[in-house]
Amino acid sequence: MAFFKKKEHINPLMAMFVGVTILIVGLIFAKTYAASYFLSGAYVLLIGFGYYKSCIRILPAFIILSAIFFLAFYYGKNSLIAGVTMVNRLGAIFVGLIPGMNIEPICMTRSLNQLKVPRAITLGMLITISFMPLLREEIARIREAMKTRGAGNILNPKVFYRAFIIPFVIRLVNISDTLALSIETRGFSIESNNATTYKKETINVVDVTLLLLVIVGVVLLAVFK
Amino acid sequence: MQNEQDDITQLLENSKGNYQEETKAESTQLQPRIQIFKKFAIKDIVFLAIMAACMLVTGGIMPLVVHVPVFGIIQLALALQFSIFPTIGLMKVRKVGSVFFMSLCCGIFFAFMYLPMFVCIMICAVVTELINIIIFRGYEKDIAVAVSGAIYFPFTLPLLYVYYNFLYTFNGQEGEAVNAFIGANAGAAIGISAAVIAISVLGAFVGYIVSKELIRVGVMKK
């Protein structure tokens with residue numbers, strides 16, 4: 001049975017739902033100490049469900065930022081709960097981000113296709129998320145080229161405009177044209193209703209267990225807040 | 001002789017009048033109907049999605065500033081990039097729905113960072129599109145693009161005020177958020193709001209200039 005079959009990753013829509021639930025609930029109950037326990041529990045839960053790499057990745061940024069906000073609000077308002085509230089809010093954002101960080105763009109697109117979301121939107125989302133690492137590379141390349149040419153300080157508005165913004169946008173336009181051409185030459189159509197999904201994203205016992213455990217956490221938080 | 005000249009003059013005037021009427025009728029017939037809604041092609045979607053990716057990457061600073069209790073700090077951090085890139089996108093894809101599409105593509109990922117901002121951005125995109133349709137009936141004119149690029153992001157300010165006023169909680173008492181974010185220093189809130197509007201206008205101007213330059217040299221085609 002597909003429901004009990006082992007999968008490599010959590011269903012993307014389920015992961016999104018879990019992430020948004022943690023974020024919303026964390027923000028709503030941020031002013032309580034119980035929210036700290038809920039967020040800690042969610043963090044441990046996500047480690048257990050295979051998100052350990054993302055959990056470790058966000059930890060340094062969270063520790064630094066939460067320390068800054070905690071100290072600022074603890075001493076600024078002379079109240080422990082004010083500091084804890086800020087840490088909870090940041091925690092809700094960071095823990096809520098973890099499931100989203102692990103979603104493969106293609107898996108997300110497949111899930112949305114299964115839900116009959118218009119192909120224009122799924123294509124747009126796929127490009128947006130896939131393009132982000134490429135964008136960082138392009139920025140690094142342009143900055144490197146600026147150094148090679150001795151263009152000057154990037155903080156100078158004239159240099160920034162002429163040596164950074166213009167080459168950057170030119171590059172974006174070229175990439176866009178090439179990408180559009182390659183999509184069209186492969187016969188991709190945004191109006192086709194008969195398109196099928198290559199691999200179907202299914203919901204299995206692991207997804208349901210994760211969701212149930214998060215819901216149990218939310219209920220406990222609401223009861224013991 | 002005089003009669004002949006009068007006849008010729010009369011004939012010329014008549015023919016001139018007829019010609020003017022005919023040309024007027026022809027021009028009325030040939031006048032293209034303004035089509036507000038146009039279908040998106042794949043190249044449009046790709047370009048708008050890339051612009052959305054730029055907005056998303058540069059907007060990555062948002063989670064770090066969302067809880068700083070200064071009204072408009074999010075908009076201040078994002079105004080420049082959220083006016084430059086939509087303006088560039090609109091300069092190339094002059095179709096109604098472009099702003100909404102860009103907002104959707106980047107906003108859905110913003111939902112993970114700060115859900116209210118996603119809602120604000122989507123509402124602002126709809127409002128911007130509606131204003132554009134009512135005033136300019138599309139993005140064919142450059143002024144329509146520049147105005148839409150400039151007004152798009154500052155619209156989040158009143159929406160965020162509503163959020164702080166009714167939804168946000170601050171140490172357990174609704175309404176205190178307004179005191180924390182606005183009331184404690186109303187002058188700063190007004191100043192930051194003015195700065196956000198100024199930066200958005202500047203960003204739209206920069207986006208317009210960049211696009212114009214690329215269109216002039218033939219890199220960017222409408």
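Reminder, nothing fancy here: chain letters follow the sequence lines and each chain counts from 1.
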Interface residue of largest heavy-atom contact number with chain B, from A:Gly19, A:Ala72, A:Ser176, under 4.5 Å: A:Ser176
Inter-residue atom distance B:Ile45.CD1 - A:Leu126.CG, 0.5 Å rounding: 12.0 Å
Residues, nucleotides or ligands: over 12 heavy atoms within 6.0 Å of B:Phe205 CZ: no
Within 6.0 angstrom of A:Tyr74 OH, more than 12 heavy atoms from elsewhere: no
Residue among B:Ala52, B:Ala53, B:Cys106 with most heavy-atom pairs under 4.5 Å to chain A: B:Ala53
Leading residue by heavy atom contact count with chain B [cutoff under 4.5 Å; candidates A:Ile175, A:Leu135, A:Val20]: A:Leu135
CD/A:Glu104: more than 12 non-hydrogen atoms of other groups inside 6.0 Å: no
A:Arg149 atom CZ, neighbour heavy-atom count above 12 within 6.0 Å: yes
Interface residue of largest heavy-atom contact number with chain B, from A:Phe188, A:Phe69, A:Phe131, under 4.5 Å: A:Phe131
Evaluation steps, side-chain contact (heavy atoms from CB on, under 4.5 Å), between B:Met51 and A:Leu172: CA-CA 8 Å; B:Met51 287 298 120; A:Leu172 293 183; 3.7 Å; yes
Which residues share a ring-ring contact (aromatic ring centres under 6.0 Å, His included) with A:Phe62, sequence neighbours left out: A:Phe94
For B:Ala49 against A:Gly124, the heavy-atom pair lying closest together: CB-O, 3.4 Å
NZ-CD1 distance between B:Lys43 and A:Ile183, expressed to the nearest 0.5 angstrom: 13.5 Å
Over 12 foreign heavy atoms within 6.0 Å of OH, A:Tyr33: yes
CG-CG distance between B:Leu48 and A:Leu123, expressed to the nearest 0.5 angstrom: 11.0 Å
Separation of A:Arg119 CZ from B:Ile42 CD1 (nearest 0.5 Å): 9.0 Å
Gap separating the CD1 atom of A:Ile121 from the CZ atom of B:Phe40, nearest 0.5 angstrom: 10.5 Å
Separation between CZ of A:Arg171 and CD1 of B:Ile50, rounded to the nearest 0.5 Å: 10.0 Å
A:Leu134 CG: over 12 foreign heavy atoms closer than 6.0 Å: yes
Side chain, backbone, both or neither of A:Met101 within contact of chain B (heavy atoms, under 4.5 Å): neither
Among the listed options B:Ala41, B:Ser211, B:Cys54, the residue most often paired with chain A at heavy-atom distances under 4.5 Å: B:Cys54
Residue among A:Ala120, A:Pro99, A:Ala92, A:Gly100 with most heavy-atom pairs under 4.5 Å to chain B: A:Ala120
Chain A contact via B:Val57 - side chain, backbone, both or neither, heavy atoms under 4.5 Å: side chain
Per-residue contact mode, A:Leu65 against chain B (heavy atom under 4.5 angstrom): side chain
Identified side-chain contact (heavy atoms from CB on, under 4.5 Å) partner of A:Val169 from the options B:Ile84, B:Val219, B:Leu214: B:Leu214
Step-by-step side-chain contact (heavy atoms from CB on, under 4.5 Å) determination, B:Glu213 to A:Tyr161: CA-CA 12 Å; B:Glu213 191 162 336; A:Tyr161 174 78; 2.8 Å; yes
Heavy-atom side-chain contact between A:Asp177 and B:Phe47 under 4.5 Å: no
